[in-house]
Novice: 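My questions will all concern the structure given below.
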Protein chains: 2
Amino acid sequence: MVDLKMCPKFESAFELLGKRWTGLIIHALLSGCRRFCDISEMIPHMSDRMLAERLKELEAAGILKRIVYPETPVRIEYELTEKGHELKPVMDAIQKWAEQWISPEEKQDAST
Amino acid sequence: MVDLKMCPKFESAFELLGKRWTGLIIHALLSGCRRFCDISEMIPHMSDRMLAERLKELEAAGILKRIVYPETPVRIEYELTEKGHELKPVMDAIQKWAEQWISPEEKQDAST
DNA sequence: GCCATTACTTACATTAAGTAAGTCTGTTTA
DNA sequence: TAAACAGACTTACTTAATGTAAGTAATGGC
């Protein structure tokens, strides 16, 4: 064997990214979504319950911040912090890989 | 909102990577692990049960192949296919991000 | 024959995620 | 004034995924 130990920072990063929906939510925010309903619409298979939970986790992890605009009616927006925005190269690499290697049959839901 | 639909290939890629352990297993294989026990050793928090399950999934997804050497005793090795190996840029991007943005306190297990 | 090793499998407990309905604040409609 | 509506969540409950621990099968050494 080559390495005996996994880099703990890498492991920690995957505790975040290796959770269902997390990556897709970050991707949605990177591509311009800001509001709860927008993100929800962009990821149709995900429930509101999961979105709310993940948004809290991502906020706690410093990936995004929740901004309340005390308008009428109140508007809440989510935006990536610098830490979150810096995940763009990761998302781009995944996008590139997916385009090259995921065949049409692997698409999980052909209903739309 | 900007985009209305998530790219289905991207979504499909995250069905794989967005599962616990998957990323760490691929990382282990990229860094030279080949045998069940080696991977298991490199990811101490993961159980054998999960490793066996993930290896099957990754084999089914064409990310790796299982090779049996009918020696005495039999030796089984796992190696990445081209599809699997091409995830290196993704892993590198994550590693780079993790090194820059994960603070020491976020390391999940400081026992070792 | 008995114990060890490797690569799993099985059974059962716990945690995470899915589904659907409900809450809260404020607004618009009747 | 009350009923209905919108947005952003919560809560309760079910199902699926993961964790834990013990067991299996093939081979070799003691």
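Within every chain, numbering begins at 1; the chains are lettered A, B, ... in the order of the sequence lines, protein sequences first and strands thereafter.
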Novice: To the nearest Å, give me how far apart NZ (B/Lys19) and P (D/dA16) are.
Specialist: 13 Å
Novice: Apply the test salt bridge (Lys or Arg N to Asp or Glu O under 4.0 Å) to residues A/Lys19 and A/Glu15: give CA-CA distance (whole Å), side-chain angles for both, the deciding distance (0.1 Å), then the verdict.
Specialist: CA-CA 7 Å; A/Lys19 266 190 157 177; A/Glu15 261 178 57; over 6 Å; no
Novice: Between atom CD in B/Glu53 and atom P in D/dT20, what is the gap in whole Å?
Specialist: 15 Å
Novice: Show the nearest heavy-atom pair for residues A/Val74 and A/Tyr69, with the distance to one decimal.
Specialist: CG2-O, 3.4 Å
Novice: Tell me the interatomic distance from B/Glu41, atom CD, to C/dT6, atom P, rounded to whole angstroms.
Specialist: 9 Å
Novice: Expressed as a whole number of angstroms, how long is the span from A/Phe36:CZ to D/dT10:C1'?
Specialist: 10 Å
Novice: Using the closest heavy atom to pick a nucleotide of DNA chain C for each, name whichever of B/Glu77 or A/Arg20 lands nearer the 5' end.
Specialist: B/Glu77
Novice: Report yes if a side-chain nitrogen or oxygen of A/Lys56 is closer than 4.0 Å to either non-bridging phosphate oxygen (OP1 or OP2) of D/dT10; otherwise report no.
Specialist: yes
Novice: Pair B/Glu79, B/Arg34 - check salt bridge (Lys or Arg N to Asp or Glu O under 4.0 Å), show working.
Specialist: CA-CA 6 Å; B/Glu79 65 175 52; B/Arg34 306 190 132 259; 3.2 Å; yes
Novice: Taking the nucleotide of DNA chain D with the nearest heavy atom to each, does A/Ala52 or A/Arg49 sit closer to the 5' end?
Specialist: A/Ala52
Novice: Given atom CD1 of A/Ile76 and atom C1' of D/dA6, what is their separation to the nearest angstrom?
Specialist: 12 Å
Novice: Does a nitrogen or oxygen in the side chain of A/Arg35 sit under 4.0 Å from OP1 or OP2 of D/dA8?
Specialist: yes
Novice: I'd like to check the ring pair (Phe, Tyr, Trp, His ring centres under 6.0 Å) partners of B/Phe36; sequence neighbours left out, ordered by chain and number.
Specialist: none
Novice: When the distance from CG of A/Leu55 to P of D/dT10 is rounded to whole Å, what number comes out?
Specialist: 10 Å
Novice: Using whole Å, what does the distance between atom P of nucleotide D/dA6 and atom CD of A/Glu71 come to?
Specialist: 19 Å
Novice: Whether A/Trp21 contacts C/dG18 is assessed here as follows: a side-chain N or O lying under 4.0 Å from the phosphate OP1 or OP2. Is that the case?
Specialist: yes
Novice: Out of D/dT10, C/dT6, D/dT18, which nucleotide sits closest to the side chain of B/Met50?
Specialist: D/dT18
Novice: Can you see if the side chain of A/Arg54 gets near the phosphate of C/dA17 - specifically, an N or O under 4.0 Å from OP1 or OP2?
Specialist: yes
Novice: Checking the side chain of A/Thr22 only, and the main-chain atoms of A/Leu17 only, is there a donor and an acceptor separated by less than 3.5 Å?
Specialist: no
Novice: Using atom CD1 of A/Ile43 as one end and atom C1' of C/dG18 as the other, report the distance to the nearest whole Å.
Specialist: 15 Å
